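Not measured: the values here are computed from a predicted model.
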Amino acid sequence: MIRVLLVDDQALVRTGFRLMLNAQPDMEVVGEAGDGEEAVARSRELRPDVVLMDLHMPVLDGVAATELITAELPGTRVLALSTFDLDENVLAALRAGAGGFLPKDISPEELVEGVRVVHRGESAVAPRLLTRLIGTFVRAVRTRPAPAVLPELTDREREVLVHIAKGRSNPEIAERLDVSPSTVKNHVTSVFGKTGVRDRAQAVILAYEAGLVSPGE
């Protein structure tokens with residue numbers, strides 16, 4: 001069972017999510033929180049697998065709560081939620097360690113799948129939003145050198161990072177590079193290890209900020 005903690009300052013929203021997720025055979029809502037501070041406390045107490053985290057809350061916002069939870073509880077994944085498509089806090093939440101972001105107006109099926117994807121350790125970001133978020137909020141400064149970690153990457157690893165930033169899956173990257181999916185997986189693991197990113201969402205941000213990819217490419 002995927003144990004889920006619901007975090008939202010609106011009780012009605014939490015009730016809707018609870019009914020939706022508890023109806024799944026592989027999910028169980030183990031608790032709720034109405035603000036970020038309570039979310040951190042409940043996460044420490046319950047050790048959920050996934051936290052559904054609203055970004056706009058009183059006392060402590062969702063970004064700060066996400067950073068505290070992911071730093072202290074590596075086994076807990078955070079899926080950020082926001083009412084707004086273009087929300088600068090979304091990018092901040094991904095930097096803080098959130099495993100993905102979804103808008104609140106998605107379908108029940110998309111929400112359920114998002115929880116499963118994040119629980120697997122993969123990145124869940126609504127495709128229609130990722131490019132817009134990157135294009136709006138990530139500003140690659142060409143005169144600034146790339147982060148010091150990037151020179152440690154091999155040419156092939158840089159190439160793989162660019163493909164990740166363009167939203168391609170491992171099988172798609174393997175096809176384009178004419179290598180096996182297992183080889184791509186090894187490269188991805190190496191990229192994550194050398195750069196310190198946790199997942200594909202953070203890898204995308206890194207690639208754009210390092211100037212390896214530009215919005216609109």
Side-chain angles (χ1 to χ4, degrees), residues 1-130 133 137 197-202 204-205:
M1 295 291 286
I2 303 174
R3 303 171 71 254
V4 182
L5 174 66
L6 303 178
V7 183
D8 196 291
D9 60 341
Q10 298 182 44
L12 186 61
V13 172
R14 297 198 306 269
T15 298
F17 286 158
R18 176 183 284 275
L19 292 172
M20 194 184 307
L21 298 180
N22 278 342
Q24 306 305 311
D26 59 341
M27 295 182 190
E28 176 188 10
V29 175
V30 295
E32 300 181 12
D35 60 61
E37 190 172 275
E38 187 182 3
V40 175
R42 295 289 279 165
S43 293
R44 289 168 176 161
E45 172 193 354
L46 299 170
R47 304 295 173 112
D49 298 310
V50 177
V51 177
L52 272 184
M53 178 76 73
D54 182 31
L55 294 183
H56 299 274
M57 291 182 299
V59 185
L60 186 70
D61 66 47
V63 173
T66 294
E67 187 169 16
L68 289 171
I69 291 169
T70 57
E72 186 175 331
L73 304 171
T76 296
R77 300 277 289 169
V78 176
L79 179 55
L81 299 171
S82 177
T83 306
F84 311 102
D85 272 9
L86 288 179
D87 184 350
E88 190 167 12
N89 287 325
V90 171
L91 197 62
L94 294 174
R95 286 195 181 103
F101 160 75
L102 295 174
K104 285 186 176 180
D105 64 353
I106 59 170
S107 68
E109 292 78 14
E110 288 174 310
L111 177 65
V112 168
E113 181 59 22
V115 171
R116 292 190 179 113
V117 168
V118 165
H119 179 248
R120 290 198 300 265
E122 301 172 14
S123 174
V125 180
R128 78 173 195 261
L129 301 180
L130 184 56
L133 283 169
F137 299 114
V197 301
R198 289 171 50 121
D199 52 38
R200 295 176 94 89
Q202 290 191 344
V204 170
I205 294 170

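Two residues are said to be in side-chain contact when any heavy atoms from C-beta on lie closer than 4.5 Å; L111 and M20 meet this criterion. Residues L21 and L52 form a side-chain contact, since some pair of their non-hydrogen atoms from C-beta on lies under 4.5 Å apart. In this structure, Q24 and I2 have side chains that are not in contact, with every pair of non-hydrogen atoms separated by 4.5 Å or more. A 4.5 Å side-chain heavy-atom check between T15 and R18 finds every atom pair outside the cut-off. The shortest side-chain heavy-atom distance between F17 and V4 does not fall under the 4.5 Å cut-off. Here the side chains of D54 and Q10 are not in contact, with every heavy-atom distance at 4.5 Å or above.
The environment of E37 atom CD is sparse: at most 12 non-hydrogen atoms of other residues, nucleotides or ligands sit within 6.0 angstrom.
Closest non-hydrogen pair, A65 versus G36, comes out as CB-O, 3.7 Å. Taking every heavy atom of both residues into account, R42 and G31 meet most closely at NH2-CA, 3.7 Å. Of all heavy-atom pairs spanning S43 and L5, the tightest one is OG-CD2, 3.4 Å. When every heavy atom of A80 is checked against every heavy atom of L55, the shortest pair comes out as CB-CD2, 3.8 Å. Considering every non-hydrogen atom in both R14 and A33, the closest pair reads CD-O, 3.6 Å. Residues M1 and M27 come closest through the heavy atom pair CE-O, 3.1 Å.
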(message) Determine whether V40 and L60 satisfy the following criterion, side-chain contact (heavy atoms from CB on, under 4.5 Å), listing intermediate values before the conclusion.
(response) CA-CA 9 Å; V40 175; L60 186 70; 4.2 Å; yes
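Listed by chain and residue number, nothing satisfies the salt bridge (Lys or Arg N to Asp or Glu O under 4.0 Å) test with R47 (two or more places apart in sequence, or in another chain).
Applying the side-chain hydrogen bond (donor to acceptor under 3.5 Å, both in side chains) test to every pair with at least one member in residues 69-80, sequence neighbours left out, gives these pairs: R44-E72. For residues 58-69, the set of pairs meeting the salt bridge (Lys or Arg N to Asp or Glu O under 4.0 Å) definition, not counting sequence neighbours, is empty.
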